[in-house]
Amino acid sequence: MPIQTTNPATNKVVKSFNEMTEKQVDQAIDNANSTFSSWRKTSFKERATLIHKVADLMRTKKTELAKLITLEMGKVFAQSEGEIDLSANILDYYADHAETFLADKKLNPDSGEAFVRSSPIGALFGVMPWNFPFYQVVRFAAPNIMAGNTILLKHASIVPQCAIAIEDLFKEAGAPEGLYTNLMISGKRSTGLVEDVRIKGISLTGSEGAGASMAEAAGKNLKRSVLELGGSDSFIILEDADIDKTVEMAILGRMNNNGQSCVASKRFIAVEAIADEFLEKFTAKIASLKVGDPMDANTQVGPLSSEEALQGLLDQVKRFEKAGAKVATGGKRAFEEGAYMQPTLLTNLKRGEPTFYEELFGPVASFYKVKDEQEAIDLANDSPFGLGGSIYTKDIERAIKIADQIDSGMIFINSPTASQPDLPFGGTKRSGYGRELSEQGIHEFINKKLIRVS
Ligand code: NDP
């Protein structure tokens, strides 16, 4: 895949970039490695000053950066601005809290005195996706830079200008060379870098295939890795849910980011007492969504990230139909020009069909009517993925009991799964392993060093 900006609203190529040569990549790894030796000795205060500066610059340049996001991957502009705000908040959060999170932990051994010190491990290699081009990078880079590690970042090939803009923010804030480096290389070349002894840890957010190949390389080279992969989150609606509010949440959960979020609500599961009412209102709402130019303030759903993504999704919908699914609304390309998909609702999906287990990465919801709570839980768990999920009811205790029985990394009650700086993010099963954000996220690439005094 060439590294280039193609505006998905028009499918026109805007700008192309050359990949870095082997020699340039080698130099970048060298810089990251040698900068680690000095960066690890800096104080938390010094690191925090830099990271706050990056956050401030991000806020100052919000409009320009948000426009880049929308240009390269089609996010509705107001949501792109929201992504910049969230990313700046994550930077500030770690600048403010890293020292506390990584403070020495005193132990009480039978003899002697001992404590655990959290030490950084070195240059880390991140491979990140296009769907939240700033947020995905920042949630990996901010905790690790605050912890004393250095970062090499290979961004998705369709968001090169966002990738460069992030590196520029660090440079403008005064980061030493090698602290944060953008690696302009293709996905194919990423696994090869894992072997490099100067790289100490790997983090990937993206597809199962890319995750598996990076994890395989990390395993072979005995390096730590964090993977954040796909999801097929359930959205469970119980008898006592407020249906109108729940429909609003369902639209937010499925259509935010034009449906391209790992933690989007993807499988809508309603118990039979309210299933028909929910389905009728949800279908009408999906059909009424305004699809169009992501820069237009009235647009609710913009294009997919690329024509290739659109073709993949259209093909999936066709395969689902062949397997017996019915299109309640949508199902087609929205316009001749641009990678636009009609917001779509599928019903009549069958458990056991291979399609049932696929993730739909776009504005396509699937709906299931179930007998009761137990059937809802069974269906929710009948998935290779285990990222997020949500439950809608007035009975919070009941919802917490249900949450306990769902195999996923995150369950939200009465709102779709979302991300905030102070809550852990990550999954189980084929959605990956490890956690990002909150206090937990900063401990992934740390050497927990025991120091004992006799
Ligand atoms: P990919 O997994 O292909 O892309 C994510 C990142 O991984 C990109 O930087 C990509 O680089 C890189 N990459 C691709 N192949 C490899 C490889 N073999 N080894 C190492 N790195 C690699 O995702 P897609 O963009 O193709 O999206 C496909 C699917 O991935 C979606 O339908 C969705 O299921 C999932 N996905 C999940 C995301 C999430 O937030 N968890 C985000 C995006 C996608 P390059 O761009 O150069 O190929």
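Atoms within a ligand are numbered from 1 in the order they appear, just like the ligands themselves.
Atoms of ligand 1 lying under 4.0 Å from at least one heavy atom of Gln136, given by number and element, are 40 (O). Residue-ligand proximity, Glu359 to ligand 1, at heavy-atom distances under 4.0 Å covers atoms 33 (C), 34 (O). Interface of Cys262 with ligand 1, defined as ligand atoms under 4.0 Å from a residue heavy atom, comprises 39 (C), 40 (O), 41 (N). Here is the list of ligand 1 atoms found below 4.0 Å of a heavy atom in Pro129: 42 (C), 43 (C). Set against the non-hydrogen atoms of Ser186, the atoms of ligand 1 under 4.0 Å away are 47 (O). Distances below 4.0 Å separate heavy atoms of Thr205 from the following atoms of ligand 1: 5 (C), 39 (C), 40 (O), 41 (N). The atoms of ligand 1 that sit less than 4.0 Å from any heavy atom of Ser190 are 20 (C), 21 (N). Atom numbering of ligand 1 starts at 1 in the shown order; those under 4.0 Å from a heavy atom of Val127 are 6 (C), 7 (O), 9 (O), 12 (C), 21 (N).
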Only pairs under 3.5 Å count here: list side-chain donor-acceptor contacts from residues 126-134, not counting sequence neighbours, and write none if there are none.
residue : atom : partner : partner atom : Å
Asn131  : OD1  : Gln136  : NE2          : 2.8
Asn131  : ND2  : Gln260  : O            : 3.2

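When distances from atom 1 (P) of ligand 1 to the protein are checked, a heavy atom turns up under 4.0 Å. Protein non-hydrogen atoms do not reach within 4.0 Å of atom 26 (O) of ligand 1.
Considering both main-chain and side-chain atoms, Leu229 comes within under 3.5 Å of ligand 1 through a nitrogen or oxygen pair. Residue contacts with ligand 1: Ser213 is placed with a nitrogen or oxygen under 3.5 Å of a nitrogen or oxygen of the ligand (distance criterion only). Geometrically, ligand 1 and Lys188 share no nitrogen or oxygen pair separated by less than 3.5 Å. Checked by distance only, ligand 1 and Met128 come closer than 3.5 Å through their nitrogen or oxygen atoms. For the pair Ser157 and ligand 1, the shortest N or O to N or O distance falls below 3.5 Å. For a threshold of 3.5 Å applied to N or O pairs, the pair formed by Thr191 and ligand 1 contains no separation below that value. For the pair Gly187 and ligand 1, the shortest N or O to N or O distance falls below 3.5 Å.
A salt bridge does not link Glu177 to Lys171: none of the charged side-chain nitrogens sits closer than 4.0 Å to a carboxylate oxygen. Under 4.0 Å is where a charged nitrogen must lie from a carboxylate oxygen, and between Asp85 and Arg59 no such pair does. Taking the charged nitrogens against the carboxylate oxygens, Lys266 and Asp233 have no contact shorter than 4.0 Å, which rules out a salt bridge. A salt bridge does not link Lys23 to Asp30: none of the charged nitrogens lies less than 4.0 Å from a carboxylate oxygen. A salt bridge is absent between Lys53 and Glu172: the closest approach of a Lys/Arg side-chain nitrogen to an acidic carboxylate oxygen does not fall below 4.0 angstrom.
The part of His155 lying near ligand 1 is the backbone, judged by heavy-atom distances below 4.0 Å. At a 4.0 Å heavy-atom cut-off, ligand 1 touches Ser207 through backbone and side chain alike. For Phe132, no heavy-atom contact with ligand 1 is shorter than 4.0 Å.
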(message) Pair Phe282, Phe268 - check ring-ring contact (aromatic ring centres under 6.0 Å, His included), show working.
(response) CA-CA 10 Å; Phe282 189 35; Phe268 294 82; 4.7 Å; yes
(message) Checking Tyr357 against Thr355 for the side chain to side chain donor-acceptor pair (under 3.5 Å) test, could you report, in this order, the C-alpha distance in whole Å, the side-chain angles of both residues, the deciding distance, and whether it holds?
(response) CA-CA 5 Å; Tyr357 301 98; Thr355 46; over 6 Å; no
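Under the 3.5 Å distance criterion, the side-chain polar atoms of Asp382 are left unmatched by any main-chain donor or acceptor of Asp378.
A heavy-atom distance below 4.5 Å is found between the side chains of Ile411 and Ser408. Residues Glu436 and Thr205 have side chains in contact (heavy-atom distance under 4.5 Å, counting atoms from C-beta outward).
Nearest to atom 11 (O) of ligand 1 by heavy atom, out of Glu19, Met214, Lys154, Glu308, is Lys154.
In this structure, Gly259 and Ala264 approach most closely via the heavy-atom pair O-CB, 4.4 Å. The two residues Val226 and Glu444 make their nearest non-hydrogen contact at CG2-OE1, 3.6 Å. Closest approach of Pro363 and Leu313 over heavy atoms only: CD-CD2, 4.0 Å.
Nearest protein heavy-atom contact of atom 24 (P) of ligand 1 is Trp130 NE1, 3.8 Å. Of all protein heavy atoms, the one closest to atom 14 (C) of ligand 1 is Ala210 CB, 3.9 Å. Shortest contact from atom 40 (O) of ligand 1 to any protein heavy atom: Asn131 ND2, 3.1 Å. The closest protein non-hydrogen atom to atom 36 (N) of ligand 1 is Gly206 C, 3.7 Å.
Glu208 is linked by a side-chain hydrogen bond (donor to acceptor under 3.5 Å, both in side chains) to Arg430, counting only residues two or more places apart in sequence or in another chain.
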